[in-house]
Amino acid sequence: MAETTTNTPARPGRLREFWRYFRENRGAVIGLYVFAAFVALALGADLIAPHDPTVQDRTATLLPPAWSEGGSWSFPLGTDPLGRDILSRLLHGARYSFFVGIVVVVIAATGGILLGLIAGFAPKWLDTIIMRIMDIILSFPSLLLALVLVAILGPSLLNAMIAIAIVLQPHYVRLTRAAVMTERTKDYVVSARVAGAGRARLMFITVLPNCLAPIIVQAALSFSNAILDVAALGFLGMGAQPPTPEWGTMLAEAREFILRAWWVVTFPGLAILITVLSINLMGDGLRDALDPKLKRS
Amino acid sequence: MLRYLLSKLLTFVPTFIGVTLISFAFIRALPGDPIIVMAGERGVTPERYKELVEQFGYDRPILVQFWDYLTGVLQGDLGTSFVTKKPVWNEFFALFPATLELSICAIIIAIALGIPAGVIAATHRGKFFDRALMSTALIGYSMPIFWWALLLIIVFSGNLHWTPVSGRIDLLYYFKDVTGFMLIDSLLSGQKGAFASAVSHLVLPSIVLATIPLAVIARQTRSAMLEVLSEDYIRTARAKGLSPLRVNGLHALRNAMIPVITVIGLSVGTLLAGAILTETIFSWPGIGKWMVDSIFRRDYPVVQGGLLLVAVAVMVVNLVVDLLYGLINPKIRKR
């Protein structure tokens, strides 16, 4: 009973409950560990990486990985056509990927939630205008729109991130609006309004916390989408520019060597796949843990 | 049904105008003077500059420009390419069959494998098959397809020499375009080996393009099937003694298909986005490669027109899916 009167003890309880459901999904926990390991590697890249990611060693170009014939342990995953250590480039590249993921999700989610809340509370005409604009953005294949936006803004990692955030943002608007629509007629919102809560308070303090579950799941999804799309833009030459050790850009630089040196292509792609996979595993776990419908069954 | 159709068509119009507005705004949004930007390193003489300003109508009010653009678009006038000097409209429709052929093959692969995989996973819930299939689906869903394409090229073209690396057909074969679909045209031509060559060129790109839709369809089929299998009428069907095949295949799958069809429709956008990467890697002469090449060549009328046509194609498909959805699910229509 004491728990319901004060607000603070309820928090760890909710978190613990979340963790209980999240833990049930073994894949999600594995995903979390892999993700945490990659984050740690990315943060410690300066200490762990055996070489500088952009330093070229002309005496050791296209060296195979250490375990295969002709490889050397000073370049554990081999070197690229310019003699740069692939392992070091991958470790530093992890920083870009996580950075990109976080920034894109923050921009897309903040903008999307704000617009979604406005659409949910606004008069019908404003709601219609916002949702039509979102429909228009969604009519373009995301990667194509991002490509064209980057063509306007100029190819760089920052512009790629802005473009992808714009492309991902309508999903948040739709989700938030849909959640607001179902919440705002509920009794607790009506009573808050009757008690004299202003519109801003209703939007951000009364309704928003109860709409967060699907948005959090969407955040995980768009985190992995952002990493994939930035890598794709890098691969097409419209993202991070060489010699940045971004994974997609690394793949683009390695393309012409695919039939001669499999390792220059294999490892960057594997890094993308494992990162995205671990995030998607976590996303599935989050959905299971946060979806009240599944909880009860 | 007629009201439903009309209401869907009515939302189509403002979206179409909006899409046109975005593609119209594209050239104006380029930093700097559009004509200087378009001229690029070639540069322009002052006389030519004036001529171009008049030709593109940049000296007129912006609303008049948009009106001209919109009416031009409705008449099929999307400008001409800087590089080839051909109308964008003609170029688009010359290349569109290649993308369509690739996308159709990809979606067939995705449906033919994805639906059975989802059904098997659902009927074996929690068991080995379910885990194995759903893990594979999640890997497919997380796949950077540009990397996946390179891996397949290394294995099947580089090591095994089973498939060619690029293009739609061997240069040995030449025949007239009838349908624009290489598979059909090669058969019609009657040349020996032409069809086999077309197929071998098509296999890897369609597998690559099918990967993500396949994973999405399999996951969606599984969850839709699980939902349907817990319904009372399925229990009744089982209690009546119907064979599991009949219950799963006929009673359950039919209702589980409704959300799956939506997902298939939605994956058209994914296919076109995927086509950009797939076509670039396999040098497949379709819309995706055309757009990427044009962006690099600064062939802005092509980028502008292509953007618009691709968006309209996606919108039309979504409209068709919405209408089909209303046709199979009467509940939607009534709303």
Side-chain angles (χ1 to χ4, degrees), chain A residues 26-27 31 128-129 131-133 135-155 167 224 227-229 231-232 234-238 247-248 251-252 254-255 258-260 262 265-266 268-281 283-284 297, chain B residues 11 14-19 21-23 26-27 29-31 131 134-135 138-139 141-148 150-151 153-155 157-159 165 219 230 268-277 280-281 287-288 291-292 294-296 298 300 303-304 306-307 310-312 314-315 318:
Chain A
R26 212 176 349 139
T128 313
I129 291 177
M131 295 323 287
R132 273 293 96 74
I133 294 174
D135 282 350
I136 292 165
I137 297 179
L138 286 173
S139 306
F140 296 98
S142 57
L143 188 63
L144 181 63
L145 190 57
L147 256 178
V148 170
L149 284 172
V150 173
I152 295 173
L153 300 167
V167 171
S224 57
I227 291 179
L228 273 181
D229 283 353
F235 180 76
L236 290 171
M238 284 293 192
W247 293 339
L251 273 176
R255 243 182 94 183
I258 55 170
L259 296 181
R260 279 203 281 142
W262 56 270
V265 176
T266 311
L270 208 56
I272 302 173
L273 175 62
I274 294 173
T275 311
V276 172
L277 188 59
S278 70
I279 297 167
N280 284 342
L281 277 168
D284 278 4
S297 62
Chain B
T11 57
T15 318
F16 173 76
I17 294 176
V19 165
L21 190 62
I22 286 189
S23 76
F26 165 71
I27 284 193
L30 291 167
R131 293 225 188 102
M134 283 307 113
S135 311
L138 195 66
I139 293 175
Y141 182 65
S142 311
M143 188 64 84
I145 60 166
F146 43 98
W147 176 66
W148 177 225
L150 295 179
L151 280 192
I153 290 178
I154 293 181
V155 174
S157 307
N159 292 345
V165 183
R219 279 161 64 97
S230 62
V268 172
T270 321
L271 275 179
L272 284 168
I276 295 172
L277 292 164
T280 307
I281 294 169
I287 300 302
M291 292 289 294
V292 172
S294 309
I295 287 173
F296 278 104
R298 297 175 170 223
Y300 292 126
V303 178
Q304 186 181 33
L307 190 66
V310 168
V312 171
V314 173
M315 281 164 58
N318 285 345

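Chain letters run A, B, ... following the sequence lines, proteins first and then strands; every chain starts at 1. None of the values given here were measured: they were computed from a predicted structure.
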Less than 4.5 Å to any heavy atom of chain B: does that hold for the side chain of [X], its backbone, both, or neither?
X         : value
Asp229(A) : neither
Ile137(A) : neither
Leu281(A) : both

So, the part of Ile22(B) with a heavy atom under 4.5 Å from chain A: the answer is side chain

Whatever's closer than 4.5 Å to a heavy atom in chain A on Ile281(B) counts as both

For the residue pair [X] and [Y], establish whether any side-chain heavy-atom pair is separated by less than 4.5 Å.
X         : Y         : result
Pro141(A) : Val314(B) : yes
Arg132(A) : Thr11(B)  : yes
Leu147(A) : Met291(B) : no
Leu138(A) : Asn318(B) : no
Val276(A) : Tyr141(B) : no

Hey, what do you get for [atom1] ([X]) to [atom2] ([Y]), rounding to the nearest 0.5 Å?
X         : Y         : atom1 : atom2 : answer
Asp284(A) : Met134(B) : CG    : CE    : 10.5 Å
Phe235(A) : Leu150(B) : CZ    : CG    : 4.5 Å
Ile152(A) : Ile295(B) : CD1   : CD1   : 9.5 Å
Ile154(B) : Thr266(A) : CD1   : OG1   : 5.0 Å
Phe296(B) : Leu236(A) : CZ    : CG    : 6.5 Å

Quiz prompt | Within 6.0 Å of CH2 in Trp148(B), more than 12 heavy atoms from elsewhere | solution = no

Tightest non-hydrogen contact, residues Ser139(A) and Thr15(B), listed as OG-CG2, 3.7 Å

Closest non-hydrogen atoms of Pro144(B) and Gly269(A), given as atom of the first, atom of the second and distance, are CG-O, 4.0 Å

Check against side-chain contact (heavy atoms from CB on, under 4.5 Å), Phe146(B) and Leu251(A): CA-CA 9 Å; Phe146(B) 43 98; Leu251(A) 273 176; 3.5 Å; yes

Decide whether Ser142(B) and Asn280(A) meet the rule of one side-chain donor and one side-chain acceptor closer than 3.5 Å.
yes

Of Leu307(B), Thr280(B), Val303(B), Leu151(B), the largest count of non-hydrogen pairs under 4.5 angstrom with chain A goes to Leu307(B)

